[in-house]
Amino acid sequence: MDDLFATSPADSTPLAERLRPTDIGEVIGQRHLLAPGKPLAVAFAAGKPHSMILWGPPGVGKTTLARLMANAFNAEFIAISAVLAGVKDIRDAVARAELAREQYGRATILFVDEVHRFNKAQQDAFLPYVERGVLTFIGATTENPSFEVNSALLSRAAVYVLHPLSPADLAQLLERAVAAAMPSIVVDDAARDALVNYADGDGRRLINLVEQLAIAAHSTRTAAPSVESGPPGGQRSGEAANVGGSQTARKTTLDLAFVEATIARSLRRFDKGGEAFYDQISALHKAVRGSDPDASLYWMCRMLDGGADPLYVGRRLIRMASEDVGLADPRALHVALDSVATYERLGSPEGELALAQCVLYLAVAPKSNAVYTAYGAARAFIGEDGSRPVPLRLRNAPTRLMKTLGYAKGYRYAHDEADAYAAGERYLPDDMPDVSFYEPTERGLEARIREKLASLRQRDEAAGGRHAPRTDDGET
């Protein structure tokens, strides 16, 4: 009689590889890039590859898209990992690309996974070959390329943002994965919801979970050939997972109990009751912002107990110190930085006490998001505004030529003025309207900052308002 879990040579291939799409139409998710008329769909249709950076979280299809492009464009595909590769590997890849072009007339796609891990010299190493068309560069990164990829490379590559897979996308992927790994098994609705929830937008994680479940189901099937025998401990397999049953070809069911019993402890700890990992960090952030020290400590301990990296928690605390406390209590940022440094020095469990001290300090500190709001407003303004020149008076003049050209002319050195303040002086570009990005609150230290700024504005008004000083030729 056929075993429901009988394997074939093809089954030894990892499930993720068996499920890898062979055509753009099989890709799940990323419709903002792959739907008809969208950027990558247009690129596939045009049949001409271009250099790009695929930016997105793990398990959303970056490697798959790169491979599909190589297939669609009949290009040589060379994949290297920035974690392991160096300049020598890049040179070897370039040599292969040149050989493919000279001997076969084929283009080459060089796929660099985790490209943000390359330093500037390594990133610069393949720039000349991208410019000459020897290879098409496709980089994959989970980090913001604005910070992690050098500007020369960014200017030569389009950046495409890939989104986490939606619950609907994950449900579709789960259906494919179950059909491939356990074709005679039905996963009930509660178990499906748990798997989709735990995957948290990561398709690779979902596939790995299904593969883990298939192995566990096979083991249960082998150990419990019938409902009556049951697994060790007296629990009947039909009750726990419904994978025992008779040895007929009827479909069997995996339920939530089996999923929870099979998947790693971190699933139960991080996802118990439906919460996902990022829900917990969100709850921690909101508890700190809401000045609830007990709830803040609770959520932090929940995360640590569930296996979260304490340094990840520490980085989030540093962010909270700037975003939600800011200049209402500038010491908060020092406390957060010191707590992370302490953890790095002591490790777990001793160093976790410093993180606890930090989260309590942040929770009880006066709150202000004025810094966060000001930064966002300034970035938004600059993103929409043109590139205004720096006024000559504010420029440095280290050479005689610069002084002759008027650099630094008319600059008022604040320390030579009363109270070290040049009343009426203007530091923005001369043709730029006045702006007010930073509006301090009346809480904590910002109350005093607010008073200080109001006093300085009064002095500006008494001096005739902030304006660009006139030069000798009458121009401002």
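Throughout, residue positions are numbered sequentially from 1 according to the sequence presented.
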Review point. Sub-3.5 Å donor-acceptor pair from the side chain of Lys62 to the main-chain atoms of Pro57, do we have one?
Key: yes

Check your understanding: Minimum heavy-atom separation for Asn74 to Arg106, with atom names?
Key -> O-NE, 3.2 Å

Review point. Quick one: are Gln172 and Glu175 in side-chain contact, heavy atoms under 4.5 Å?
Key: no

Point to revise | Met303 and Tyr312, any side-chain heavy atoms less than 4.5 Å apart | key: yes

Point to revise | Main-chain N/O of His285 paired to Arg316 side chain as donor or acceptor, under 3.5 Å | key: no

**Study point:** Enclosure of Tyr104 OH (heavy-atom neighbours >12, cutoff 6.0 Å)
**Key:** no

Check your understanding: Closest heavy-atom contact between Val178 and Val210?
Key -> N-CG1, 4.1 Å

Review point. For the side chain of Arg205 and the backbone of Asp200, is there at least one donor-acceptor N/O pair under 3.5 Å apart?
Key: no

Check your understanding: Is there a donor-acceptor pair under 3.5 Å between the side chain of Asp338 and the backbone N or O of Val335?
Key -> no

Point to revise | Met69 vs Phe111 side-chain heavy atoms within contact, under 4.5 Å | key: no

Check your understanding: Taking atom CZ of Phe44 as the centre, does the number of heavy atoms from other residues, nucleotides or ligands within less than 6.0 Å exceed 12?
Key -> yes

Point to revise | Arg96 and Asp92 ion-paired at < 4.0 Å | key: no

Check your understanding: Quick check: are there more than 12 heavy atoms from other residues, nucleotides or ligands sitting under 6.0 Å from CZ of Arg331?
Key -> no

**Study point:** Test item: Glu148 side-chain N/O and Asn144 main-chain N/O as donor-acceptor pair under 3.5 Å
**Key:** no

Revision key, fill the gap. Heavy-atom closest pair (Tyr343 atom, Ser348 atom, distance to 0.1 Å) is OH-OG, 2.7 Å

Review point. Does the distance from a Lys or Arg side-chain N to an Asp or Glu carboxylate O, for Asp324 and Lys367, drop under 4.0 Å?
Key: no

Point to revise | Glu143 CD: over 12 foreign heavy atoms closer than 6.0 Å | key: yes

Exercise for review: Would you indicate whether the side-chain heavy atoms of Asp169 and Leu173 approach each other to under 4.5 Å?
Suggested key: no

Check your understanding: Just how far is it from atom CG of Leu135 to atom OG1 of Thr108, taken to the nearest 0.5 Å?
Key -> 7.0 Å

Practice item. Report the relative orientation of the aromatic rings in Phe137 and Phe126; use parallel for angles under 30°, tilted for 30 to 60°, perpendicular for over 60°. Key: parallel

Review point. What is the distance from atom CG of Leu353 to atom CG of Leu346, rounded to the nearest 0.5 Å?
Key: 9.5 Å

Review point. With a 4.5 Å heavy-atom cut-off, do Ile28 and Arg176 have their side chains touching?
Key: yes

Exercise for review: Measure across Ala194 and Leu256 and return the closest heavy-atom pair with its distance rounded to 0.1 Å.
Suggested key: CB-CD1, 3.6 Å

Check your understanding: Is any NZ, NE, NH1 or NH2 atom of the basic residue among Asp188 and Arg192 found under 4.0 Å from an Asp or Glu carboxylate oxygen of the other?
Key -> no

Check your understanding: Do Ile80 and Phe118 touch side chain to side chain, with heavy atoms closer than 4.5 Å?
Key -> yes

Check your understanding: So, do Arg315 and Val340 sit near enough that their side-chain heavy atoms are less than 4.5 Å apart?
Key -> no

Review point. Is the backbone of Met320 close enough, under 3.5 Å, to the side chain of Glu323 for a donor and an acceptor to pair up by distance?
Key: no

Review point. Does Ser296 reach the main-chain N or O of Val288 with its side chain, forming a donor-acceptor pair under 3.5 Å?
Key: yes

Check your understanding: Residues in salt bridge (Lys or Arg N to Asp or Glu O under 4.0 Å) with Glu131, at least two apart?
Key -> Arg156

Exercise for review: Would you sort out whether Leu333 and Ile318 count as a side-chain contact (heavy atoms from CB on, under 4.5 Å), showing the intermediate values?
Suggested key: CA-CA 6 Å; Leu333 185 56; Ile318 293 172; 4.0 Å; yes

**Study point:** Step-by-step side-chain contact (heavy atoms from CB on, under 4.5 Å) determination, Val359 to Leu284
**Key:** CA-CA 9 Å; Val359 79; Leu284 170 60; 3.7 Å; yes

Check your understanding: CG of Asp89 to CD of Gln122: how many Å apart, nearest 0.5 Å?
Key -> 9.0 Å

**Study point:** Heavy atoms from other residues, nucleotides or ligands near CZ of Arg204 exceed 12 (cutoff 6.0 Å)
**Key:** no

Exercise for review: Answer yes or no: does atom CZ of Arg91 have more than 12 heavy-atom neighbours from other residues, nucleotides or ligands under 6.0 Å?
Suggested key: no

Practice item. Take Thr13 and Arg18, measure what side-chain hydrogen bond (donor to acceptor under 3.5 Å, both in side chains) needs, and give me the verdict at the end. Key: CA-CA 7 Å; Thr13 304; Arg18 281 187 277 155; 5.6 Å; no

Check your understanding: So, Glu114 side chain and Val83 main chain: donor-acceptor pair closer than 3.5 Å or not?
Key -> no

Practice item. Enter the distance from Thr142:OG1 to Arg117:CZ here, rounded to the nearest 0.5 Å. Key: 7.5 Å

**Study point:** Flag side-chain contact, heavy atom, 4.5 Å: Leu154 against Pro145
**Key:** yes

Review point. Where do Ile185 and Thr253 land on the side-chain contact (heavy atoms from CB on, under 4.5 Å) test, with the steps shown first?
Key: CA-CA 6 Å; Ile185 295 293; Thr253 301; over 6 Å; no

Check your understanding: How long is the gap from CD1 on Ile138 to OG1 on Thr63, to the nearest 0.5 Å?
Key -> 10.5 Å

Exercise for review: Verify the neighbour count for atom CD of Glu26: are there more than 12 heavy atoms of other residues, nucleotides or ligands below 6.0 Å?
Suggested key: yes

Check your understanding: For the side chain of His163 and the backbone of Gly29, is there at least one donor-acceptor N/O pair under 3.5 Å apart?
Key -> no

Point to revise | Ile109 to Pro49 - nearest heavy-atom pair and separation | key: CD1-CB, 4.5 Å

Practice item. Please check if atom CG in Asp23 has more than 12 non-hydrogen atoms from other residues, nucleotides or ligands closer than 6.0 Å. Key: yes

Point to revise | Heavy-atom pair of closest approach, residues Val60 and Gly201 | key: CG1-O, 3.8 Å

Practice item. Carefully, step by step, assess Arg379 and Phe437 under the rule side-chain contact (heavy atoms from CB on, under 4.5 Å). Key: CA-CA 10 Å; Arg379 287 298 298 262; Phe437 299 131; over 6 Å; no

Exercise for review: Output yes when a side-chain donor or acceptor of Gln123 lies under 3.5 Å from a complementary backbone atom of Asn150, and no otherwise.
Suggested key: yes

Review point. CZ/Arg67 to CZ/Phe77 distance, rounded to the nearest 0.5 angstrom?
Key: 4.5 Å

